[in-house]
Every structure is written in C-alpha cells, then in structure tokens.
Amino acid sequence: MSRADATDQEERRFDPAEIEPRWQQRWDDEEVFHIEDGAEDPSYVLAMFPYPSGEMHMGHVRNYAITDAFARYKRMQGEAVLHPMGWDSFGLPAENAANERDVDPRGWTMDCIAAMKEQMNVMGLGFDWQREVTTCEPEYFQWNQWLFREFYEEGLVERTETELNWCPGCETVLADENVNTENNVEICWRCDTAIEHRELEQWFFTITDYAEELYDELDELDGWPENVREMQHNWIGKQEGASVEFELTTGDSVEIFTTRLDTIYGATFFALSPGHDVAQQLAEEDDDVAEYIHRVEHADEEEVDETSGVFTGEYATNPATGEEIPVYVADYVLADVGTGALYAVPAHDDRDHAFAQEHDIPIRQVVEPTEDADVDPENVDVQEQAYTEDGVLDLGEIEGSSDERTESDGVLVDSGEFDGLDSAEARERFVEAFDGEFRTAHSLRDWCISRQRYWGTPIPFVECPDCGYVPVPEDDLPVELPEFIRTTGNPLDAAQEWKTTTCPDCGGPAQRETDTMDTFVDSSWYFLRFISPELDDAPFDSEQATDWMPVDQYVGGIEHATMHLIYSRFFTKVLDDMELLDGIREPFENLLTQGMVRKDGAAMSSSTGNVVSPAPFVERFGADTGRLFMLNAAQPEKALDWTEEGAESAHAFLQNVHDLVARYAGGAIDTRDAEAADGDGGTIDEYVAREIEATVATATEEFEAFRFNHALQAIRELASLLRRYVDHTDPDEGTFERALSTVARLLAPVAPHVAEELWAHLGRDGLIAEADWPEADEPAGYETARLLVENTREDVRDIVGVAGIEDPSLIEIAVAPEWKHYARQQARDLDGNVVGQLMGDEWLQRHGEAAADYAKALAGEGHLDEQLPPEREYEALTRAVWLLEREFDAEVVVSEPGEAPEDLAAKATPGRPGIQIEE
RNA sequence: GCGAGGGUGGCUGAGCCAGGCCAAAGGCGGCGGGCUUAAGACCCGCUCCCGUAGGGGUCCCUGGGUUCGAAUCCCAGCCCUCGCACCA
C-alpha cells in the first residue's frame, strides 16, 4: 500500500473525539430532544433517575443506552417523545460526604450533578434537559410537603408508635424494605450494620389502605416482567381467611386470624406472641411469663428454639367445642403476622405440631383426605406428622376439566355436627357459625417515611405543647432546610433557631418536626413532575399528566422491584383518587428491568476493583462504540459480559461502515446507472434491494420489541453484504445509495454520532436524529427464496467437497419442471392415498414413470412446505448467481424453466434445483 | 418450604410462546484459503461423526409421553439462578 493510500484510509476513519462533541452541540442547538407542552400523547420513555454519586458507571450507561435508543427510534418514526432526566438527589451519601470532608451536602450534591450531567452529555444521551428535575431543590420538595399535607387531609398519614428497625450506623429508622437478612441477621441495606429494634413514634403513609388494589392489579400489568410481579405479590402477601374471637380466663377477648378455620375443632392450645398486649399484661403478674418474654426479646433469632414457649396458667374457650384450651406465650407466633395470636391445631400445622410434641399437648385430627385425594387416609398419621393439605383442589388445573371452581379434597372428621363437610365449605360455614368475619390480611406494612436525617424533605409539621402536631399551612411552604451542622445526631434537631417557631393554630411557641422524609417519597411521583417541571401552583399539570401518562416504557434495575415500584403505584392511585389525575391507576405501562453489566462473569463492583469505567473507555473508543457494544452483546434484560473483544468488534464495525460510506462519498467507488444495466430481472442489484427491504422490516420489528441485539445483527449482515457488493461489481448508484442511507438510519438510535456523520457524507440535509425511519415490508416470498438460495449454495459446497472437485469451471443449475411443482402443490392438499390420487391426474400421467416416482416421494415426505413457483425460483437463483461466482470462481448458468437440459431438470425438485458441476 | 426464571454444539448465545424448511442463526475462539513485499483490515470456506455428486448417523440436562413428525408441546426427575419465608 502506498503512503497516499494509507493517508486516504486514515481519512476514512472517524475520530470519536472530534465528531461526538460536534454533533452533541448540533442536537443541543437545534433542541432535537425537547418536547413542547401540549404535545399530544407522546411516547413517554423513562429511565430511572439516578442518585447523583458524581460517577457514572456502566450500569447507568446501559440503562440510558436502552432508553435513548428507543426514544430516538420512536422520534424517527415521527412520534412526539418525552425522554427526560433528573436527580434523585436527597439521601445519606451527601450527608456522609459532608461529615467526612469539609463540605455541605448541598454543594457536594450540586457538584456531583454537574459531573454526572457532563458524563451523560459525553455519551450523547438525548434527554430533554429543559425538563430536568432535582429533588433536593425547594422547587421540587415543596411539592413533597404539599402532597404530604394532602395525604394528611385524606387520612393517609398516621403518627404511631411502633417497633421499628433502627440502624445504629446511620442513626436512623429504616423501612422493612431497607432491611436485608444475611445469615439470619438483619442488616442495614446501606451500611450492613446489624439493625436494632426500637419503639418510636414515627410518620406513616397508610399504604395498606391500598394493599388490595396494589395486589389485584398486578395481574393486569401485562407489560411488566413476571418476576417483578411475583416479587410484589410476595411482598404484599395477600391471605384470605377469617377472624374469630376467643374468650380467655383472664377476661380478655382475643381476636385471631386464620386461613384454616375448617380445623378449629382440632385446636388443642392457644398461643400469643410475646409482644401481644395480653401477653404483656400476663407478664406483669407471672414471673415465668415475664422471664420468657424478656429472654426472647433480647436474644438473637437463632438462639431461640422454635418450639420454645411458656404456659400462662390461663385458658381460652374454643368457640367451636366449648373446650378450654391452655394459653401459651410462644416465640414462633409473630407479633406482626395476623393478630399476633392464634389457636393452634397440631394435627394440621407443622409448627403447631412441633410445639405440641415439645410440650406434650394432645394432637387431634379433624380433617382427612377425601376418596379422590392423592393421599390415602390410611397413610395419614397426625401423631407423627401434621397433615397440612389445605383441601383445595383447583379443578381448572386438572386436565380435561373446564370447571373453574375449586373443590375440596379434605373432609371434616371429629368436628361435631359438621363431620363429612368438605374443608372449603367448612371455612365458609364456620365464619357464621362461630361469629367471625371474613378478612383479607396482607403482609404489607404501612410505609414509615420518617428519617432522622438532615438531607431530605422536612416533614411540614409543627409540634405545639397545646395543640399537638399541627400541619404547616400551605402558604408557609416550603419548609426549607437550615444550614447543615456537623453533629452525631440529627442535624435538624441541633438547628435550634430553625426548630423554634410558632404554632399555626394558637400562635404560641412551638417546635418544628425534625424528621425528614424517606427519599422514596421523592421518587414516587417524579415522573409526573417531568410533565410540567416549571409549574409553580401545583405539583404537576393534571390535564397534561392525564394525557401523557402512564409512562409508556420504564427502564431500570431489578433492585427497585418492590420499594420504588410499589410506592410509585401507591402514589399514582392516591393522586387519582384525589382527582389530581383522571383515571390513571398505574404509572408504568411497560417495565423493562435491565440486566447487570458484568466483567469476567462477576458483577462490576468498585469494592473489588472489577470495573470498567465509562470515561476512559469513551476516550479510547468513543461513546457510540460503548452504546453499540452494550446493545449488541445481549438482550436488555439479560446480564451482559463486558469483553475487550466485544468492544473492539463494535468499534471495528462502526469504522467499517464509516469507511464504506466515506469511500462512496469521496468518489472512490465507481457506480453505474441502473438504466444502463440489463434489467432483465434477477440481477445482483435486485438481490441487494430485497435485502435492504428485509433488513428494514426485521430491524423495525426488533426495535419495537426491545431486541436491539437482533436488529443489530440484521444491520451488520446488510453492511457486510454491501462490502461484498462493492467488492464484486460496480454497484448500481440508486440501490447503493439507498442501502447506505438505510444502514445509517437503522444505526442512528444506537450509534447516533457516527450516523450523523454518515448522513452528512451522504449529502443529506438536516439531522439524522430527525430523519424519517425507513419503512419497508419483507419482500414477497423472501424467506422461501432465502432458504432456496442458502440450500443451493450449501448443496454446491457439499458436492464440490464430497466429489473432490478441485477447481470447478462451470456450475449449471436448473429448477424443477412445472409438472413437479404442480404435483407438489396438489399433494399439499391431499390426504390418504396420495400416489393414487396424483396419478389420477391426466397431466401427471403423461409424465409416466418419473411422475409416479415423484408422487411416491411426495407421499413419503409427510409435511410439504410452501415453495416458490418455477419462475420465482429461477429469479431467486439468478439474483444469487454472483454469490456462487464469487465463492467458486466458476461460470454459473441458471437455465430458465423449461429450457434446462432434461437430465438436469429431472434431478430437480421444487425448492431443490438440479446441479451439475464441471471441473 | 413456597414461588418465578433457566439448563442448546469449544465458549457465548438465538431458536422454544404459534411443532416440520433445525446439525440448530450471529459473535468469539480455532483451522484452511484469497488479497498483500509483509502485517493489519477485508474477503471465501471449514469447525459432531462417516461419505470421491447434494447422502447417512448421532444430537439441544435425564427419563417417559403426545404426534406422521419434538430443541420446540405434556408428565416425572436432576441441576442452576433469583425472590419470599417461623405468614397462622
């Protein structure tokens, strides 16, 4: 290669460092990503907004590469697109940073935001920055306070004393959702410190009021992944059962909750959780009880035996039998499950069984399997092991049954007048019989939103010695944060001046509430603020929000499956009920949880140093390469392994396409005019043209389904075809130009900078980001023709290989004669004696022996798929002649139907042309 | 324990929902060839076994079943990942 050539090639490469900022500037100047208020029902594409740590990691890049590609794709399709970004900027790390260095949380946070925004811009992410939302700004959090007030008015705010998770490390209360369990020890999700339990008075949102709807509507969230819905199901934990009162010899009436009311006749003892009020009362009089409660409350979980418990000396009356059964306090009864009290049926519950054995309590069977049940009643020995089948058969799941009812496979015994009743029915009947009530219980707890921290939204309440807790009047909002004070406790508590105020009700001296809100409050409605970020008299524009919501596509990490995604659903329902929305019950129509970014098979983690940082990568390869690699390497929801080779391959591909376009634009590729060509149908140009159409069809379908990797595979194949096209012949000007502009546009959502560059090389005006997405249907018979060509090439290779033909000089190809196609077509519709019926055909009879043989072959084939008629086969093969010529360096002749040498045509069948190769 | 999702050729990874054109795409790796002074890039093949004309055999975790036909559907088992879990 001469030096001049080398220089040319140099020039045909693009330099990411040069082109990327240039196009970013253009997009910005022309407000490509801005969407006007009032746009009608845009596509709302949203990535979960980040906590601004100051450092973008690959997980972020992947998240935003996905939403940006989708948003850009939708925009090119002519849709209005809302693709905003903001900052979940309240939270503990800012405060920690402030304590560690000499900075204030606000300044630190703002610096981080600036840094991350810069990194996002470097990645070429197309956000509408005019809609940027920052939760730590009073313009935002005043609406948290406003909404808190509204929730309070609606009766959704409670202040209660409860046992709460307390993290000594963070010095704050934690929601159940923020507590992880590791080796049976409950630890803080942030700092891994073992958590303690403390009785404290806190602010709650009564999310449990919505438990039922939050649970039931999961079934309708078809656009959500199954695992997320399942996690929410588990989290909300719905149980349908009944509550019944038991009278105790203490004089108390204790309510229990059970899902197995049918087993009440088998209750042989009664158990209270150590935290139960009645247990606490008993402890005051009974030292044994007091001692037991003290012991289990101060022991680690694994130290307490599961069957531990203490007899209280009291009895409870079983409303079914009238019997008096002993009352125990037992640790296995949990205070926050059901009512914290239960009647125990050792015969039909494993834990009750274990407890009964330990404490020598009788075990009485009251349910046995019916005759149709899977279990033989003879094999049930409840003295040995509890029989826990709940007696519900789902007939809908039994093969051959269309019955959707459930029916019992358990039947009552030793249950007085109810013997013989089935379990399911007993559960219904007993509710009335024993004066209980049906009840649906959920394991979802109310949402504790109090945090004893500084860097959050102040809860807009004042504590007055005379009036109690009084909400701050709307006109006095926002309650802003005072200056940060370094202290071991809550900085707000130390801010004396700020704290001191007057009571809005009586005007007397009062103190501000020093708790701030859980930051999940901020993120529970931020997607609504994006709709009207500047609005200053309401959190969002209700009319526009009703039009723009729900978010069409939400993308983020699986770690938010329960907390953020349940809270946001809760908020949306409340806002709808408050008529701030009109009929929007769910915030996110479609949810995609993107997979992890891994390296060497392990999660990227800064603590182990197993990371690839975006910044140096972009410096080396450019943003487009990173984005392409991310979207190309795996489906969005699957884990992605970061590999050097993959990144290089992505970069090479982009350089390649750029090289091709630049060569064309620079006049280095000779093209010819289609008019001058033969145009007899079946040319190489037509082959390429059909591939363009097919690629567009595939790419569009795959983009729509978020399978970017599939779309990119098709695009890569087209690009590869174009290189071979140029290599083989002088391409047709029109076809080639169309092909290149198509590749550029299909690539634009994924590698937007390079695509702009290509667009400019092709001499197009305007930005590719605003160009029209190409439209095409798959050409008629494309798949069948593709297979025909593929199989034929395969066959030629086989023959050459197996026959040991060193250097083929002529390859003759002939399609099957018309009568074979006809016979095959007939055979497709025939049953029974195919040969007989075919040979009854007059036309086929004329082909004698050959037709009979072929008819037999057809009969033996079973299924016959569709094939192209002879003329179409001929055209498809003719279009592909160049591929064979290239591969075998031989003359290739395809005979027209009916013109082929007889022996060659005789070997051919539809979909399988006859082939003759000469050395 | 309950629930969800998986197990595909050297690796990675499509296909499975809508059974046949599936010895099973693409990528990576490996092998051979072309282009080139050379390297890179690019191009053409091969990469389960056997076969001197397009053939045959075995194959998609294991074992059964449905079907003319199963990687795809059904049942059972084994293994992996994740979520929930002393939930009355």
Side-chain angles (χ1 to χ4, degrees), chain A residues 1 9 13 181 225-239 241 243 256-261 263 271 273 301 304 306-307 330-334 336-345 348-352 354-355 388 399 441-443 558 561-562 632-635 637-639 641 643 645-646 648-650 652-653 655-656 659-660 707 709-710 712-714 716-717 720 723-724 726-728 783-784 786-788 790-805 860-867 883 886-889 907 911-917:
Chain A
M1 187 181 286
Q9 198 179 29
R13 291 177 70 82
T181 309
E226 190 54 47
N227 62 335
V228 174
R229 290 197 278 176
E230 187 56 30
M231 283 159 83
Q232 295 210 353
H233 270 134
N234 283 338
W235 193 261
I236 299 167
K238 177 174 177 172
Q239 291 115 26
S243 63
I256 60 90
F257 172 78
T258 179
T259 56
R260 289 299 306 275
L261 194 56
T263 63
S273 75
E301 273 188 41
V304 180
E306 276 190 23
T307 56
D331 188 53
Y332 84 91
V333 183
L334 305 178
D336 59 357
V337 175
T339 61
L342 54 82
Y343 68 77
V345 185
H348 303 292
D349 180 276
D350 289 324
R351 286 147 316 181
D352 295 348
F355 192 91
T388 57
E399 205 176 341
H442 297 94
S443 38
I558 186 76
T562 46
N632 196 25
Q635 302 207 8
E637 54 277 343
K638 298 207 168 164
D641 265 304
T643 62
E645 300 81 45
E648 271 167 14
S649 146
F653 168 67
Q655 289 291 6
N656 233 306
D659 174 79
L660 191 61
R707 289 186 297 248
N709 56 333
H710 291 182
L712 287 163
Q713 184 184 325
R716 277 180 182 248
E717 278 165 16
S720 156
R723 283 197 299 271
R724 281 175 282 155
V726 171
D727 192 49
H728 187 73
E783 235 356 83
T784 317
R786 194 185 65 78
L787 280 165
L788 172 70
E790 212 36 71
N791 289 339
T792 305
R793 292 176 68 192
E794 197 84 9
D795 284 344
V796 174
R797 268 171 226 142
D798 274 355
I799 295 167
V800 168
V802 174
I805 301 169
E861 267 192 59
H863 173 82
L864 298 167
D865 27 81
E866 181 141 30
Q867 291 297 344
L883 292 168
R886 260 170 81 73
E887 187 173 337
F888 299 99
D889 196 22
K907 286 196 285 184
R912 216 74 203 276
I915 300 167
Q916 180 63 43
I917 302 172

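From a predicted model like this one, the values you see are computed outputs, not experimental measurements.
Using a 4.0 Å cut-off, some side-chain N or O of A:K638 falls inside it from OP1 or OP2 of B:rA14. Phosphate proximity of B:rG54 to A:R912: absent, as no side-chain N or O sits under 4.0 Å from OP1 or OP2. For the OP1/OP2 pair of B:rG45 and a distance below 4.0 Å, the side-chain nitrogens and oxygens of A:R793 include at least one atom meeting the criterion. Phosphate contact (OP1/OP2 of B:rC21, side-chain N/O of A:N791, threshold under 4.0 Å): absent. Under 4.0 angstrom from either OP1 or OP2 of B:rA14 there lies at least one side-chain N or O belonging to A:Q635. Distances shorter than 4.0 Å separate none of the side-chain N or O atoms of A:R716 from OP1 or OP2 on B:rG26. Between A:Q867 and the phosphate of B:rC21, there is no side-chain N or O to OP1/OP2 separation shorter than 4.0 Å.
For A:Q713, whose side chain is taken as the heavy atoms from C-beta onward, the closest listed nucleotide among B:rA4, B:rC43, B:rA25 is B:rA25. Nearest to the side chain of A:A803, among B:rU52, B:rA88, B:rG3, sits B:rU52. Taking only side-chain atoms of A:V802, from C-beta outward, the nucleotide of B:rG83, B:rU52, B:rA88 with the closest atom is B:rU52.
B:rA71 and B:rC21 are spaced 9 Å apart, taking the P atom of each and rounding to whole Å. Using P as the reference atom, B:rG20 and B:rG64 are 23 Å apart when rounded to the nearest Å. Nucleotides B:rC82 and B:rC75 have their P atoms positioned 26 Å apart, rounded to a whole Å. Distance check on atom C1': B:rC50 versus B:rC43 gives 31 Å, rounded to whole Å. When the C1' atom is used for both B:rC60 and B:rA25, the distance is 14 Å, rounded to whole Å. Using atom C1' as the reference point in both B:rG83 and B:rG27, the two lie 32 Å apart (nearest Å). Nucleotides B:rU58 and B:rA24 have their P atoms positioned 16 Å apart, rounded to a whole Å.
Residue-level contact check: A:S443 touches the bases, meaning some heavy atom is under 4.0 Å from a base atom. Base contact: A:E306 has a heavy atom under 4.0 Å from a base atom. The residue A:H233 sits apart from the nucleic acid: no heavy atom pair falls under 4.0 Å. Residue A:V333 is in base contact, counting any heavy-atom pair closer than 4.0 Å across all strands shown. Among the atoms of the strands shown, only primed sugar atoms or phosphate atoms (P, OP1, OP2) are found under 4.0 Å from some heavy atom of A:E226. Contacts of A:R229 with the nucleic acid, taken as non-hydrogen atoms under 4.0 Å apart, are absent.
Judged purely by atom type and a 3.5 angstrom limit, A:T792 uses its side chain to pair as donor or acceptor with the backbone of A:L788. In this structure a side-chain-to-backbone donor-acceptor pair under 3.5 Å is present from A:N791 to A:L787.
Searching all strands for a Watson-Crick or G-U wobble partner of B:rC42 with both distances below 3.5 Å returns B:rG34. Judged by Watson-Crick or G-U wobble contacts below 3.5 Å, the nucleotide B:rG29 has B:rU47 as its partner. When both distances must be under 3.5 Å, the Watson-Crick or G-U wobble mate of B:rG5 is B:rC80. Remark: B:rA18 base-pairs with no nucleotide in the shown strands. Criterion, Watson-Crick or G-U wobble with two distances under 3.5 Å. When both distances must be under 3.5 Å, the Watson-Crick or G-U wobble mate of B:rU67 does not exist. Pair assignment for B:rA53 gives none, since no Watson-Crick or G-U wobble pairing has each distance under 3.5 Å.
Toward the 5' end of RNA chain B, the nearer of the two residues A:S720 and A:R797, judged by each one's closest nucleotide, is A:S720. Residues A:T339 and A:N227 each lie close to RNA chain B; by heavy-atom proximity, the contact nearer the 5' end of the strand is made by A:N227.
Between the side chain of A:D331 and the base of B:rC86 there is at least one donor-acceptor pair of N/O atoms closer than 3.5 Å. No hydrogens or angles were tested; on distance alone, a donor-acceptor pair under 3.5 Å links the side chain of A:D795 to the base of B:rG54.
With rounding to the nearest 0.5 angstrom, the CG atom of A:N709 is 9.0 Å from the NZ atom of A:K638.
The minimum heavy-atom distance linking A:F257 with A:T339 is given by the pair N-OG1, 3.8 Å.
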